[in-house]
Amino acid sequence: MALKIEKIDDCRWRIIKEGAMRTEGLIFASEQLMETLRHEQALEQVRNVATLPGIVGPSIAMPDIHWGYGFPIGGVAAFDPDEGIVSPGGVGYDINCGVRLLRSALNVEEVRPHLKNLADTLFRNVPAGIGSKRRDLKLTIAQERQVLQQGARWAVEHGFGNEEDLRHIEEGGVIPGADPDLISERALERGRAQLGTLGSGNHFLEVQRVDQIGDEKAAEALGLYPGQVTVTIHTGSRGFGYQVCDDYLRLMLRASQKYGIELPDRQLCCAPLSSPEGRQYLAAMACAANFAFANRQLITSWVRESFEQVFGKNAAELRLSVIYDVCHNIAKMETHQVAGRTRRLCVHRKGATRAFPPGHPETPEAYRHVGQPVLIPGDMGRYSYVLVGTQGAFEETFGSTCHGAGRMLSRHAAKKRARGHNIVAELAEQGIIIRAAGRATVAEEIPEAYKDVMDVVNVVQQAGIGKIVARLRPMAVIKG
DNA sequence: ATGTCC
């Protein structure tokens, strides 16, 4: 059935409510981005999400939306705790995939002469690639269970980082209510040697330089200035989160039947938030989210160590501090204002980033006057963006915004496009050093496979659901 | 995204 789509304004479109839809769809896109989306399955997925029980407000799509498992990637949907549901497909396989940004006291001129050495050292110290493991940190199951409950705090308490880091992570780096008893043996076994590894696909570790400032006041609050060197870590919960998602999809298929939930697509399988199955998923999901927070915290520690080795400077001189760490694949109970009423809601963000406004109590004190930092990676050839959350996002999108450039070519199409090209050499000509575990991953990740992230963040800023603070250019990229 | 199918 063809979707009925109408233009609201220069950056908003509505999927008109009809049939089994309980609410309308709201798409953030420019005219130009909408042209690329119009025939995408992803928009049907926005419509499908709108049929789910207890949805509050519209089924939302960000400008970087693309097709995902059940729910679109780049989607936001909020559900009432009594009438609504929670769905693993609304979070994604990589639970708490997220981005962490570190600033440094180094500038581009100081780093450039050591860049090759830095890339090699980072590549050696942070395992990358599918199935990558750390032989030096293989946890016992008992230790792993602690990680699942304590998240980034576990890493800090074991000598990897400091209390200051924890204050600059969404939720302080630990989601409450995690219950390791709800995790399968298989998930525990897969996760055991993967803590502190980067993974594959679009995950990366990048040394960058601050290229442009969009908002002086916010940049100053975040400690960013032109020519400064930063580091971005983009990874999630690895095979652990994948296995948790897989395990719970099975449970949710049964639960959907048990509670008589009609699904336009089996991949939307879910359970009422008020049911034992719904609560179990949230408690298991919290374990995977905490695994990912610990993962990014450990990698941060090895990034610091790598810089110390390469530059022969100590931590106090390098000042590699965490600006922020934010999730873009998660479902969380949050407090929002809906039609003038304060409500607790379960907000699913799948390929969407929390973007809380200035003054929000959950924004770290150092940033409270400017808004919560929002980290938007682009492709490895162009740039990434730092934004802050806005009141507009809080009112219109449950405090959410986009999460990246958005894939334009499938992985298969990207590999075809990359044929006959030496991507690593071509990027080296532009002064960007790539160190990758596998050639295939680099081909899948060619810059042309992605939309220009600038187009995406411009829509977000124009719509008022995010404010651009700075643009970051890649210098060295570690890939899976 | 993912020991890319236990």
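Reminder, nothing fancy here: chain letters follow the sequence lines and each chain counts from 1.
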Query - Interatomic distance where OH belongs to A:Tyr242 and C1' belongs to B:dT4 [whole Å] - result: 7 Å
Query raised in the report: B:dT2 C1' sits how many Å from A:Leu198 CG, rounded?
Result: 14 Å
**Report entry** Separation of B:dT2 P from A:Asp247 CG (nearest whole Å)
**Finding:** 16 Å
Query raised in the report: Should A:His168 and A:Tyr324 be marked as a ring pair (Phe, Tyr, Trp, His ring centres under 6.0 Å) after you check the CA-CA gap, both sets of side-chain angles, and the distance that decides it?
Result: CA-CA 5 Å; A:His168 295 97; A:Tyr324 205 57; 7.6 Å; no
Requested in this report: Describe the nucleic acid contact of A:Gly92 in one word from base, sugar-phosphate, nothing, applying a heavy-atom distance below 4.0 Å.
Outcome: nothing
Requested in this report: Would you indicate what A:Ser200 reaches in the nucleic acid, counting non-hydrogen atoms under 4.0 angstrom: base, sugar-phosphate, or nothing?
Outcome: sugar-phosphate
Report task. Round to the nearest Å and state the distance from A:Asp94 atom CG to B:dT2 atom C1'. Result -> 9 Å
**Report entry** Inter- and intrachain pairs under side chain to side chain donor-acceptor pair (under 3.5 Å), touching residues 48-61 of chain A, at least two apart
**Finding:** none
Requested in this report: May I ask you to say what A:Arg192 touches in the nucleic acid, namely base, sugar-phosphate or nothing, with a heavy-atom cut-off under 4.0 Å?
Outcome: nothing
Query raised in the report: Taking CD1 from A:Ile130 and P from B:dT2, how many angstroms apart are they, rounded to a whole number?
Result: 6 Å
Report summary line: From CG of A:Asn96 across to P of B:dT2 the rounded distance in Å is 13 Å
Query raised in the report: Whole Å only: how far is the NZ atom of A:Lys479 from the P atom of B:dT2?
Result: 11 Å
Query raised in the report: For A:Arg471, what residues pass the side chain to side chain donor-acceptor pair (under 3.5 Å) criterion, not counting sequence neighbours?
Result: A:Asp211
Query raised in the report: Rounded to the Å, how far apart are A:Phe240 CZ and B:dT2 C1'?
Result: 15 Å
Query raised in the report: Would you say the side chain of A:Val374 lies within less than 4.5 Å of the side chain of A:Val326, judging by non-hydrogen atoms?
Result: no
